[in-house]
Amino acid sequence: MDKKHQFETEAIRTQLERSQYLEHSCPLYLTSSFVFDDAEDMRASFAEEKDRDIYSRYSNPNSSEFIDKVCKMEGAEDGFAFASGMAAVFSTFAALLNSGDHILSARSVFGATHSLLTNFFPKWNITHSFFKIDELDTIDELITPETKVIYAESPTNPGVDILDLEVLGRIAKKHNLILIIDNCFASPYLQQPIKFGADLVIHSGTKLMDGQGRVLAGITVGSKELVDKIYRFSRITGPALSPFNAWVLSKSLETLAVRVDRHCENALKLAEFLEKHAKVNWVKYPFLKSHPKYEIAKRQMKAGGCVVAFEVKGGVEEGRKFFDSIKLLSLSANLGDSRSIVTHPASTTHSKLSVEERLSVGITDGSVRVSVGLEHIDDIIGDIEQALE
Ligand SMILES: *Cc1c(COP(=O)(O)O)cnc(C)c1O
């Protein structure tokens with residue numbers, strides 16, 4: 001398939017060459033290693049004179065198909081697939097950074113990423129500074145000669161704040177820094193950060209990419225040069241995605257566009273309902289006109305995503321009552337699932353942060369995060385409405 005097709009077509013038609021059995025749907029290659037013809041083949045394969053699979057810690061047909069699809073979706077040259085989103089985040093940083101280097105990160109990042117930067121990287125003398133979303137104008141002041149990377153998510157988890165990717169791209173270019181964007185909340189269907197100047201894009205495949213809450217996965221895609229460094233590190237350290245999970249993910253991507261369209265349609269309807277509800281203090285959703293970064297979201301995203309954040313009036317007590325009254329939706333910590341999920345970030349995903357740290361990224365004790373699923377919207381709104389009463 002040489003001609004570049006539309007997003008949906010690439011997601012469906014990007015596939016491995018057929019095997020001798022001429023299967024229509026890609027088979028599962030559950031094999032840890034691959035065989036050589038003779039001594040010369042073995043030598044040449046290990047010397048990387050041939051582009052072929054050797055061992056599934058390095059590459060596997062199923063992960064290659066998954067990587068090819070995501071590269072086409074994101075407009076990237078190359079990628080590496082990981083066992084989880086956090087394996088992707090950790091390995092990407094660890095492959096690119098040395099002791100003494102400095103990371104400039106948005107303050108509002110996934111809880112485990114925050115913990116990696118603050119609790120673990122300092123052990124190897126990799127330091128960080130956080131910038132606030134509204135401080136992009138003065139971010140230059142935080143850049144030191146040791147700064148190597150700018151890191152951000154948009155939309156953010158769980159606050160669904162929006163960062164201007166074009167501005168970040170310009171700053172990274174000006175200072176010759178690597179811009180890494182965690183694009184998990186948008187999915188490649190809604191936003192392609194490479195267009196705005198990102199060098200690398202990270203996803204937790206666990207979320208919208210799988211879309212049915214079955215497997216953990218992660219992926220990093222970007223320039224050949226940077227991905228090669230990540231590949232060298234990862235083929236030695238072993239965070240590779242399993243062939244089975246890669247196979248599941250690659251199938252899931254075939255339906256990403258239709259699923260995400262419906263997620264977004266449902267999420268916008270729920271956000272509009274909550275905005276008018278008397279027991280709700282505030283609602284945040286990127287495609288609501290009341291969102292402070294609505295214009296930027298419209299510019300860089302196709303739709304608003306599956307996550308709606310809001311605050312129940314009455315603090316912790318009323319918040320608890322709300323969660324205990326939910327009947328249909330799941331109380332869980334995942335997102336991007338076909339089943340709608342309500343989460344309390346302060347006691348779950350972001351519980352490792354101090355109260356001050358949580359408040360600085362907009363998480364109050366009464367904050368609720370809803371990952372809006374694919375059930376009928378009337379049933380989703382109905383359950384939340386009765387729980388608020
Ligand atoms: C879930 C998530 C991750 C981590 O992914 P896992 O697959 O759970 O390891 C990273 N970034 C964001 C924004 C996430 O939502």
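In listed order, ligands and their atoms are each counted from 1.
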Chemist: In the protein, which heavy atom is nearest to atom 9 (O) of ligand 1, and how far is it?
Modeler: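 Minimum-distance protein heavy atom for atom 9 (O) of ligand 1 reads Met86 N, 2.8 Å.
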
Chemist: Is the shortest heavy-atom distance from the side chain of Glu385 to the side chain of Leu388 under 4.5 Å?
Modeler: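 Result no, sub-4.5 Å side-chain heavy-atom pair not found.
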
Chemist: Checking side-chain hydrogen bond (donor to acceptor under 3.5 Å, both in side chains) against Asp53, which of Ser63, Ser59, Ser33, Ser45 comes through?
Modeler: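 Only one option passes, and that is Ser59.
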
Chemist: Could a heavy atom of Ala88 be found less than 4.0 Å from some atom of ligand 1?
Modeler: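 In this structure, Ala88 fails to qualify as a contact of ligand 1 - no heavy atom is under 4.0 Å.
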
Chemist: Nearest protein heavy atom to atom 7 (O) of ligand 1, by residue and atom, and its distance?
Modeler: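 Nearest protein contact, heavy atoms only, for atom 7 (O) of ligand 1 is Thr206 OG1, 2.6 Å.
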
Chemist: When the ring centroid of Phe322 is compared with that of Phe310, is the distance short of 6.0 Å?
Modeler: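 Yes, ring centres under 6.0 Å apart.
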
Chemist: For atom 6 (P) of ligand 1, which protein heavy atom lies nearest, and how many Å away is it?
Modeler: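 The answer is Gly85 N, 3.3 Å.
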
Chemist: Looking at Asn157, which atoms of ligand 1 are within less than 4.0 Å of one of its heavy atoms?
Modeler: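 Numbered from 1, ligand 1 contributes 15 (O).
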
Chemist: Does Asp228 reach the side chain of Asp78, with side-chain heavy atoms less than 4.5 Å apart?
Modeler: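 Asp228 does not reach Asp78 side chain to side chain.
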
Chemist: Is any side-chain N of the basic residue among Lys132 and Asp134 closer than 4.0 Å to the acidic one's carboxylate O?
Modeler: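 Salt bridge between Lys132 and Asp134, a charged N being under 4.0 Å from a carboxylate O: no.
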
Chemist: Would you call His291 and Lys284 a side-chain contact if the rule is heavy atoms closer than 4.5 Å?
Modeler: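 Yes, close enough: below the 4.5 Å cut-off.
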
Chemist: Are any of the N/O atoms on Ser204, whether in the backbone or the side chain, positioned under 3.5 angstrom from an N/O atom of ligand 1?
Modeler: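 For ligand 1, there is an N or O atom that lies under 3.5 Å from one belonging to Ser204.
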
Chemist: Considering heavy atoms of the protein only, find what lies nearest to atom 4 (C) of ligand 1 and give residue, atom and distance to 0.1 Å.
Modeler: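 Checking every protein heavy atom, the shortest distance to atom 4 (C) of ligand 1 gives Phe110 CE2, 3.4 Å.
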
Chemist: Give the residue, atom name and distance (to 0.1 Å) of the protein heavy atom nearest atom 11 (N) of ligand 1.
Modeler: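 Checking every protein heavy atom, the shortest distance to atom 11 (N) of ligand 1 gives Asp182 OD2, 2.6 Å.
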
Chemist: Considering only heavy atoms of Ala217, which atoms of ligand 1 have at least one such atom less than 4.0 Å away?
Modeler: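 Reading through ligand 1 atom by atom, the close ones are 7 (O).
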
Chemist: Would Val89 count as a contact of ligand 1 if the rule is a heavy atom under 4.0 Å away?
Modeler: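 Outside the 4.0 Å threshold, so no.
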
Chemist: Report yes if the side chains of Leu190 and Phe185 come closer than 4.5 Å at any heavy-atom pair, otherwise no.
Modeler: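 Side chain of Leu190 against side chain of Phe185, heavy atoms only: no contact under 4.5 Å found.
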
Chemist: Suppose we measure from atom 1 (C) of ligand 1 to each protein heavy atom; which comes out shortest, and what is that distance?
Modeler: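 Of every protein heavy atom, Lys207 NZ, 1.4 Å lies nearest to atom 1 (C) of ligand 1.
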
Chemist: Establish, for the pair Lys50 and Phe34, whether the NZ or CZ atom is under 6.0 angstrom from the six-membered ring centre and no further than 45 degrees off its axis.
Modeler: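 The answer is no, since Lys50 fails at least one limit relative to Phe34.
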
Chemist: Using a 4.0 Å cut-off to any heavy atom of Glu153, which atoms of ligand 1 qualify?
Modeler: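 Atoms satisfying the 4.0 Å criterion: 13 (C).
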
Chemist: Would Phe80 and Phe82 count as a close aromatic pair, with their ring centres under 6.0 Å?
Modeler: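 That pair passes the under 6.0 Å test.
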
Chemist: For ligand 1, which atoms sit closer than 4.0 Å to a heavy atom of Phe185?
Modeler: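 Per the distance check, 15 (O).
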
